[in-house]
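These notes concern the structure reproduced below.
All values below come from the heavy atoms of this structure, side chains included, with hydrogens, waters and symmetry mates left out. Below, chains carry the letters A, B, ... as their sequence lines are ordered, and counting in each starts from 1.
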Protein chains: 2
Amino acid sequence: MSAQQHIKPTESELEILNVLWQQGSATVREVHEKLALKKEVGYTTTLKLMQIMLDKGLVSREVSGKTHVYTPEVDKEKTQGQIMQRMIETMFNGSAMQMVMQALGNHKATKAELDMIRDYLDKKSKK
Amino acid sequence: MSAQQHIKPTESELEILNVLWQQGSATVREVHEKLALKKEVGYTTTLKLMQIMLDKGLVSREVSGKTHVYTPEVDKEKTQGQIMQRMIETMFNGSAMQMVMQALGNHKATKAELDMIRDYLDKKSKK
DNA sequence: GCTCATCTACGAATATATTCGTACACGAAT
DNA sequence: ATTCGTGTACGAATATATTCGTAGATGAGC
């Protein structure tokens, strides 16, 4: 069990975490290149952010030759859960269901997606 | 149709909007009292925030005696939708379903809640 | 009219997040 | 050994969000 308190990554930090979660671990350059696909951002900006994240304990790193390889230190599901929870409280008066319905209503979900959710609910009910 | 662009309320602004959405409209005092239930905050802080929100067009107001009565000017569903969408993009790689499953998984939903979601999905499938 | 409680206006301090320039380290290629 | 491309470190500017103190307006009750 890793030490996780009440960490609240910022929006930018989340974007970086998301890359790391997908890749497992990555260099600043790799993360930067991913981010650059979606928005304009300077390399040193990404670098600085990742250094801050190291400071906060959101990531760890390890030297590899001349570069550093970063690894996420916060759990994806747990972090996402905390953020969702917060959102559910401030916007949906504590009702996850209300949020889910909002999300499903606003989003054009495919039949396959809906079926998957239904299956998921079935399994969850049985537990 | 009200004019709504790419407004991005802050966390604090959302808390206020949420009160207004529930009440329809309210004075600063009323909003403040609601917020004070959940966290410590000064009256003038709430006041200032609501003035800023007026500036941004998130709310409108109308004089009533010596006080102002504020009314939300952004649509609840639309605003929530925008925020969810943003979240879905940055954290769930664009998949609403992924987010829904995360929300349901992390949150202790009651059986009744799960049933309601199921019903909702059923209706949605038929359309 | 005077006082008191309550209201708005708004500047300004503080906190937090984001961005980037500049300096310097290092290794590979010439 | 010099140069060049690529790396990190980090201060500092800027942007954004939050908080609150203080000043002055206003109306109710005396």
Mind checking whether B/Y70 and B/V19 sit in one hydrophobic cluster, side chains of I, L, V, M, F, W, Y counted as touching below 4.5 Å?
yes
Do nucleotides 9-21 of chain D as a string where each nucleotide becomes B, S or -: B if the base has a protein heavy atom under 4.0 Å, S if just the sugar-phosphate does, - if no protein is that close.
BBBB----SSBBB
I'd like to compare against my own output: the B/S/- annotation of nucleotides 25-30 of chain D with a strict under-4.0 Å heavy-atom distance to protein.
-B----
Under the 3.5 angstrom rule, does the side chain of [X] hit a backbone N or O of [Y] as a donor-acceptor pair?
X	Y	result
A/N18	B/T90	yes
A/W21	A/V74	yes
A/Q80	B/M91	yes

Pairs meeting criterion side chain to side chain donor-acceptor pair (under 3.5 Å) with involvement of residues 42-57 of chain A, two or more places apart
A/E13-A/K56, A/H32-A/T46
Kindly state each residue pair satisfying side chain to side chain donor-acceptor pair (under 3.5 Å) with at least one member in residues 33-42 of chain B, sequence neighbours excluded.
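The answer is B/E15-B/K39.
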Rounded to the nearest 0.5 Å, what's the gap from CG on B/L14 to CD1 on B/I83? Could you check?
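B/L14 atom CG to B/I83 atom CD1 measures 4.0 Å (nearest 0.5 Å).
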Could you please spell out the steps behind the side-chain hydrogen bond (donor to acceptor under 3.5 Å, both in side chains) verdict for A/Q102 and A/Q98?
CA-CA 6 Å; A/Q102 162 64 238; A/Q98 218 176 301; over 6 Å; no
Specify the separation, in whole Å, of atom CD of A/E30 and atom C1' of D/dG7.
13 Å
Spacing of A/L54 atom CG relative to D/dT8 atom C1', expressed in whole Å
12 Å
Within residues 18-29 of chain A, those residues having any heavy atom closer than 4.0 Å to DNA chain C are none
List the steps, then state whether side-chain contact (heavy atoms from CB on, under 4.5 Å) holds for B/V28 with B/T67.
CA-CA 8 Å; B/V28 175; B/T67 87; over 6 Å; no
Scan residues 59-69 of chain B for pairs that pass salt bridge (charged side-chain N to carboxylate O under 4.0 Å, His left out), counting only residues two or more places apart or in two chains.
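As it turns out, there is no salt bridge (charged side-chain N to carboxylate O under 4.0 Å, His left out) pair with a partner in residues 59-69 of chain B once direct neighbours are skipped.
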